[in-house]
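Here the structure is laid out as structure tokens; the discussion comes afterwards.
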Protein chains: 2
Amino acid sequence: MARPKEFDPEHAVDAAMDVFWVGGYAATSTNDLCEGTGLARSSLYNTYKSKRDLYEQALRRYGERTRTEQAELLERHGPVREVIRDFLLRAVDAQLADPARRGCLALNAAVELGDADPAVAELTRDDFDTIVATMQALIERGQATGELGPGDARAKARLVHAALTGIHVVGRVAEDRTRLTHIVDAMVDSL
Amino acid sequence: MARPKEFDPEHAVDAAMDVFWVGGYAATSTNDLCEGTGLARSSLYNTYKSKRDLYEQALRRYGERTRTEQAELLERHGPVREVIRDFLLRAVDAQLADPARRGCLALNAAVELGDADPAVAELTRDDFDTIVATMQALIERGQATGELGPGDARAKARLVHAALTGIHVVGRVAEDRTRLTHIVDAMVDSL
DNA sequence: CGGGTTCTGGACAGGTCAGTTCAGAACCGG
DNA sequence: CCGGTTCTGAACTGACCTGTCCAGAACCCG
């Protein structure tokens with residue numbers, strides 16, 4: 001029918017995701033996106049409506065990806081406390097292993113654009129709610145077996161999520177591991 | 001000696017702080033700052049070196065201000081659990097009362113610029129450390145009286161700080177109170 | 001009131017921004 | 001190999017960006 005694209009649009013979203021992830025939304029220029037994706041300006045605007053649109057797609061893809069990863073980690077078998085500890089420690093290690101300390105793209109988006117962009121707010125809110133729901137199910141499992149004490153499982157799940165945000169935020173400016181592992185230790189101890 | 005400034009440079013920093021607080025660093029233009037402070041371009045650049053310099057001063061002032069406020073709240077007498085609950089609830093109420101959901105300026109700065117700006121990273125890290133130290137002292141007081149159980153007080157303090165970051169981050173996109181009070185409830189229960 | 005200093009408004013400069021346009025290249029089916 | 005469609009590179013647009021500059025106004029002190 002016609003000349004095919006010389007690139008994979010989905011792969012380009014992945015590349016754009018990385019670019020936004022490092023620099024945030026406002027500080028990332030369309031030129032940065034061209035370089036990061038390898039696309040020419042016209043190809044980029046021919047495929048995506050705007051910088052804003054591409055950002056939303058990247059955010060959506062990030063949500064799908066992390067949803068899967070987190071579900072895998074949280075639906076493991078074994079002692080609930082250990083599952084949660086491993087889950088949080090993985091965030092710690094990821095943060096410290098990343099030279100750019102990018103943290104969580106959804107969190108970064110919520111903080112940078114939360115109040116100014118309803119679509120972004122909704123997307124990140126959904127991301128947050130999903131992990132809270134998964135965490136709640138895990139905690140309820142621990143309560144059913146008697147491993148964990150009683151109490152509002154949803155509230156506890158939200159506290160664990162807050163601990164995760166703490167890791168991502170503090171990890172953005174902290175270079176030592178203790179500032180982050182303390183959060184994990186205190187969180188797991190208090191379940 | 002000469003003509004005096006028609007404005008108070010300190011008050012202007014306060015005004016600039018509010019402007020940055022709403023829009024973040026990158027998305028705030030020098031024009032926005034002129035409008036927000038009421039200064040003309042030349043006065044602004046005559047008084048502060050650059051947009052970046054003004055941002056740093058605003059951030060520093062924010063740190064001083066919140067340090068004082070937080071110390072007042074956390075050094076109150078009474079049951080430690082109640083002091084911490086009131087402290088966290090105040091953050092919840094402030095967040096929900098603010099139509100722009102600005103959250104915490106230091107946190108926003110850490111997330112937006114953390115990895116790209118060493119000076120900002122250091123400033124926010126200091127802010128975080130200060131509140132953690134104050135919180136640790138409070139928790140140790142509770143442990144001394146037997147009100148709180150044993151355990152690493154600094155680690156617990158860091159978890160409380162993580163809970164606070166959770167309130168600020170989630171509060172930026174959540175409109176209902178429960179998402180935030182759950183964090184407070186679970187946090188205070190688990191001390 | 002006058003000399004010296006500082007402040008202020010507005011115009012200006014050069015660069016970068018997001019997004020558009022278009023001519024020509026690349027591809028496909030027939 | 002050709003007609004029709006789509007993609008791509010590069011130039012372009014107009015707006016906005018940060019920061020500078022300067023002429024004149026405002027002020028203080030003697």
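Because the structure is a prediction, the values reported are computed rather than measured. Each chain gets a letter, A, B and so on, in the order its sequence line appears, and its residues count up from 1.
Distance, B:Leu44 CG to C:dG9 P: 12 Å, rounded to whole Å. Atom pair A:Leu39:CG and D:dA10:C1' shows a separation of 15 Å (rounding to whole Å applied). Per the geometry, CG belonging to A:Asn46 stands 19 Å off P belonging to C:dA25, to the nearest Å. The CG-P distance, from A:Leu33 to C:dA18, rounds to 8 Å in whole Å. Rounded to whole angstrom, the span from the CG atom of B:Asn31 across to the P atom of C:dC17 amounts to 18 Å. Rounded to an integer number of Å, the gap from B:Lys51 NZ to D:dC16 C1' is 12 Å. One interatomic measurement links the two molecules: OH of A:Tyr48 to C1' of C:dA18, which rounds to 17 Å at whole-angstrom precision. To the nearest angstrom, P of D:dT18 lies 14 Å from OH of B:Tyr55.
Here the side chain of B:Ala40 is nearest to one of C:dG19, D:dC17, C:dT8, namely C:dT8.
Each of B:Glu56, B:Gln57, B:Glu64 was scored for a side-chain hydrogen bond (donor to acceptor under 3.5 Å, both in side chains) with B:Arg60, with one residue passing: B:Glu56.
An OP1 or OP2 oxygen of D:dT20 is reached within less than 4.0 angstrom by no side-chain nitrogen or oxygen of B:Tyr45. Taking 4.0 angstrom as the limit, A:Ser43 places none of its side-chain polar atoms (N or O) nearer than this to OP1 or OP2 of D:dC7.
Here A:Ser29 lies in heavy-atom contact (under 4.0 Å) with sugar-phosphate atoms only.
DNA chain C is contacted by both A:Asp32 and B:Ser42; B:Ser42 maps to the nucleotide lying nearer its 5′ end (nearest heavy atom per residue).
Looking at B:Arg41, its side chain has no donor and acceptor atom pair within 3.5 Å of the base of C:dG10.
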Using the rule given for side-chain hydrogen bond (donor to acceptor under 3.5 Å, both in side chains), can you reason through A:Asn46 versus A:Ser43, listing the C-alpha separation, both sets of side-chain angles and the distance that settles it, and then say yes or no? CA-CA 5 Å; A:Asn46 189 31; A:Ser43 301; over 6 Å; no
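Cation-pi geometry between B:Lys51 and B:Tyr45 is not satisfied (NZ or CZ under 6.0 Å from the ring centre, within 45° of the ring normal).
Ring geometry for B:Phe20 against B:Tyr55 counts as perpendicular: the plane angle is over 60°, on a 0 to 90° scale with 30° as the lower cut.
Using modelled atom types, one finds no donor on one side chain facing an acceptor on the other under 3.5 Å when comparing A:Thr130 with A:Asp127.
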